[in-house]
Amino acid sequence: MKRAASFLLCLAILLTLVPAAFAAEEASGSKLIALTFDDGPSAYTEELLDGLKARGARVTFFCVGFNIARRPDTVKRAWMEGHQIANHTWDHPELTSLSNDAVKSQISRVEAALDDAIGFHLSYILRPPYGSYNSRVLKAANVPAIYWSMNTADYLTSKADVVCSQIVKAARDGAIGCLHDTHYSTVRGALMAIDKLQKEGYEFVTINELFYRKGIELENATIYKNAYKGSETTPALKAPEITGVEDPVTGKQKIVISGDGRGSVYYTTDGSIPSPINGRLYTGAFMLASSASVRAVSVVNWNGIRSYTSELKVEVTPRADIVSAPDGSILVFSSSTPGAEIYYTDDGSEPNRESTLYASPIEGVPGKTYSAVATAEGRRDSVADTVTYSDNGFWMRDVKPGDWYYEVIDEAALLGILNGTGYYRFEPGRATTRAMAVTMLYRLAAPEDSFERIELPDVSPTSYCYDAVCWAYFSGIEDGAESGFRPAEDITKEELAVMLARLLGAEGEADVSLLAEHPDGGDVSEWAERGVAACLRLGILKGTSSGKLKPQKGATRAETAAMLLRAAEIMKG
């Protein structure tokens with residue numbers, strides 16, 4: 001029996017020291033090894049961390065409670081650098097000799113100490129001291145428990161090259177190595193072995209990452225010795241890509257982060273490493289108004305399955321600000337930026353520091369466009385603030401001489417048909433909604449207040465367009481009040497043409513043969529043919545340079561104003 005036991009022991013040791021050549025034949029794709037270090041942290045752990053960082057290798061530390069209390073900063077550093085932190089009990093007892101309550105106490109004391117050292121709560125796997133466990137212990141612990149497949153017996157030698165040799169000989173894809181960072185020879189030997197095995201294509205990962213990338217889900221109250229039977233190795237989590245694009249108007253940086261789709265992305269903007277308490281979950285692009293250091297990480301499990309951290313240093317030099325405030329015919333430029341100087345032009349050209357220095361309010365000259373920029377030391381020049389004083393005495397930010405619609409917008413504003421949309425903007429290229437269009441027609445017609453107010457299914461009596469819609473139904477310009485007016489929908493050119501033709505009473509004189517003169521005349525809806533034809537005859541509706549009517553296309557505010565002004569000329573005379 002003793003001989004048989006000795007044979008089995010020798011066989012077990014031999015099986016843990018499989019030659020590297022065998023491992024290379026078995027491996028497909030990336031070859032993963034999880035080195036683990038028990039009993040620390042010790043006086044040698046910091047040197048081990050330096051070496052691991054230089055080699056881009058990650059490991060798992062099974063920490064003993066009383067050593068955590070001695071070196072909490074080392075524990076935190078190890079976690080911050082991406083290593084997995086795990087539980088090796090408080091004072092290294094043989095768990096099978098303890099009661100269930102004592103087992104739970106050993107584990108919970110270490111979990112509390114690790115949480116205190118790292119700064120937040122994590123989940124920790126367990127390595128039973130001496131590899132001593134049974135089903136009762138596993139059930140009492142109720143966390144995944146980790147044994148090993150590479151017993152290097154590093155505690156039996158003081159020679160680093162022996163430790164290195166033992167690791168290299170036992171290397172195999174999916175293996176778990178048991179080492180002790182309480183021995184200096186182990187630290188040196190482990191780093192020597194990592195150098196050798198990385199050249200052979202091995203990747204050094206945490207326990208959690210090993211099983212994750214092998215497709216094995218760790219379960220509570222279960223012991224694991226290796227990941228040999230896992231599926232084909234999946235790639236490591238990719239570090240997020242961080243890009244910054246400057247907003248040309250504000251000077252702010254738009255930050256976009258793309259991470260590994262298998263996990264969530266967390267980031268910080270103060271240069272600190274993202275963690276469960278200081279990391280923000282990335283949900284979409286965000287803006288930075290000042291210089292910052294953005295760091296991001298892809299995370300599946302905060303303790304052992306996360307990518308390396310990416311960093312982008314963002315330099316944001318704020319712009320000076322500028323605002324114009326017209327009052328009557330007077331134009332005032334100002335800036336809240338301390339020490340700012342303002343330069344302006346009055347011919348529509350781009351202002352710069354060589355332009356006229358602004359010193360006092362400007363009397364607007366009809367037809368002139370004023371543009372100003374604020375400058376200040378330590379800031380970039382503001383974006384130019386441009387405003388036109390129209391021929392009819394309106395300040396306009398988005399309309400200027402030379403635009404085809406300049407006179408149209410200016411005249412429509414004078415007649416009260418078209419109002420600005422706020423902050424001296426008229427939005428000539430914006431689509432005209434049905435609510436806007438009927439309101440503009442109402443202003444053009446200027447009817448007496450003799451029409452009936454009715455209940456409408458989709459227009460509230462408090463809406464700005466309510467009176468106009470009621471008038472349109474009362475006057476026969478619009479029909480079908482019961483089915484709804486659809487105020488928020490963009491009005492099409494044919495819809496607008498029908499309204500105008502009915503306003504002018506011109507539908508009866510329409511000659512629908514006029515539609516054939518246009519290449520897309522056949523696209524006009526049957527119900528709109530007479531209205532469109534009437535507007536063509538009256539010159540209210542005009543085709544494009546190619547003769548197209550585009551009847552189903554929406555009309556912009558400038559196009560709508562142009563058609564209404566043509567109708568206004570007909571109404572005069």
Exercise. Step by step, work out the side chain to side chain contact (heavy atoms under 4.5 Å, CB included) result for Ile223 and Tyr133.
Key: CA-CA 9 Å; Ile223 194 84; Tyr133 68 93; 3.7 Å; yes

Sidechain N-carboxylate O distance under 4.0 Å for [X], [Y]:
{"X": "Glu81", "Y": "Arg77", "answer": "yes"}
{"X": "Glu311", "Y": "Lys313", "answer": "yes"}
{"X": "Asp260", "Y": "Arg262", "answer": "yes"}
{"X": "Arg55", "Y": "Asp195", "answer": "yes"}

If you round to the nearest 0.5 Å, how far is [atom2] of [Y] from [atom1] of [X]?
{"X": "Ile125", "Y": "Asn208", "atom1": "CD1", "atom2": "CG", "value": "5.5 Å"}
{"X": "Asn67", "Y": "Trp90", "atom1": "CG", "atom2": "CH2", "value": "9.5 Å"}
{"X": "Thr206", "Y": "Tyr212", "atom1": "OG1", "atom2": "OH", "value": "12.0 Å"}
{"X": "Lys252", "Y": "Leu288", "atom1": "NZ", "atom2": "CG", "value": "9.5 Å"}
{"X": "Ile85", "Y": "Lys76", "atom1": "CD1", "atom2": "NZ", "value": "12.0 Å"}

Quiz item: Cation-pi between Arg557 and Phe426: NZ/CZ under 6.0 Å from ring centre and within 45° of the ring axis?
Solution: no

[X] and [Y]: side-chain donor and acceptor closer than 3.5 Å?
{"X": "Ser149", "Y": "Asn226", "value": "no"}
{"X": "Ser99", "Y": "Asp101", "value": "no"}
{"X": "Tyr424", "Y": "Ser324", "value": "no"}
{"X": "Ser272", "Y": "Asn278", "value": "yes"}

Exercise. Take Asn87 and Val143, measure what side chain to side chain contact (heavy atoms under 4.5 Å, CB included) needs, and give me the verdict at the end.
Key: CA-CA 10 Å; Asn87 193 326; Val143 295; over 6 Å; no

Practice problem: For Glu350 and Ser371, run side chain to side chain donor-acceptor pair (under 3.5 Å): C-alpha distance rounded to whole Å, both residues' side-chain angles, the deciding distance at 0.1 Å, then the answer. | Solution: CA-CA 7 Å; Glu350 189 74 17; Ser371 189; 5.3 Å; no

Mark yes or no for whether [X], through its side chain, and [Y], through its backbone, hold a donor-acceptor pair below 3.5 Å.
{"X": "Tyr282", "Y": "Ile257", "result": "yes"}
{"X": "Thr233", "Y": "Arg213", "result": "no"}
{"X": "Tyr202", "Y": "Lys196", "result": "no"}
{"X": "Ser355", "Y": "Asn352", "result": "yes"}
{"X": "Lys31", "Y": "Glu200", "result": "yes"}
{"X": "Ser231", "Y": "Lys214", "result": "yes"}
{"X": "Thr60", "Y": "Ile207", "result": "yes"}
{"X": "Gln253", "Y": "Val314", "result": "no"}
{"X": "Ser335", "Y": "Asp321", "result": "yes"}
{"X": "Arg486", "Y": "Arg434", "result": "no"}

Considering all heavy atoms of both residues, which atom of [X] and which atom of [Y] are nearest to each other, and what is their separation?
{"X": "His83", "Y": "Asn303", "answer": "O-OD1, 4.2 Å"}
{"X": "Pro274", "Y": "Tyr267", "answer": "CG-CA, 4.1 Å"}
{"X": "Ser298", "Y": "Gly259", "answer": "OG-CA, 3.7 Å"}
{"X": "Gly244", "Y": "Ile255", "answer": "CA-CD1, 3.9 Å"}
{"X": "Leu98", "Y": "Pro93", "answer": "CD1-CG, 3.7 Å"}
{"X": "His92", "Y": "Val64", "answer": "CD2-CG2, 4.2 Å"}

Quiz prompt | Test log, rule side chain to side chain contact (heavy atoms under 4.5 Å, CB included), inputs Leu191 and Leu52 | solution = CA-CA 7 Å; Leu191 296 176; Leu52 294 171; 4.3 Å; yes

Quiz item: Does the side chain to side chain donor-acceptor pair (under 3.5 Å) test come out yes or no for Thr36 and Arg127, once each step is laid out?
Solution: CA-CA 10 Å; Thr36 67; Arg127 169 161 288 155; 2.5 Å; yes

Self-check item: Worked check of side chain to side chain contact (heavy atoms under 4.5 Å, CB included) between Asp247 and Lys254
Solution: CA-CA 7 Å; Asp247 184 292; Lys254 180 180 180 180; over 6 Å; no

Quiz item: Taking the six-membered ring where the residue is Trp, are the ring centres of Tyr266 and Trp302 under 6.0 Å apart?
Solution: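 They qualify: ring centres under 6.0 Å apart.
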
Practice problem: With sequence neighbours excluded, tell me which residues meet salt bridge (Lys or Arg N to Asp or Glu O under 4.0 Å) with Asp381. | Solution: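 Here the qualifying residues are Arg353.
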
Exercise. Check the pair Asn151 / Gln166 against side chain to side chain donor-acceptor pair (under 3.5 Å), numbers first and verdict last.
Key: CA-CA 9 Å; Asn151 185 1; Gln166 296 286 64; over 6 Å; no

Practice problem: Classify the ring geometry between Tyr358 and Tyr344 as parallel (under 30°), tilted (30 to 60°) or perpendicular (over 60°). | Solution: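 Aromatic pair Tyr358/Tyr344 classed perpendicular.
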
Quiz item: So with a 6.0 Å cut-off around CD of Glu241, is the heavy-atom count from everything else above 12?
Solution: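 Incorrect, the count does not exceed 12.
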
Quiz prompt | Beyond-backbone contact of Asp398 with Glu427, side-chain heavy atoms, under 4.5 angstrom | solution = yes

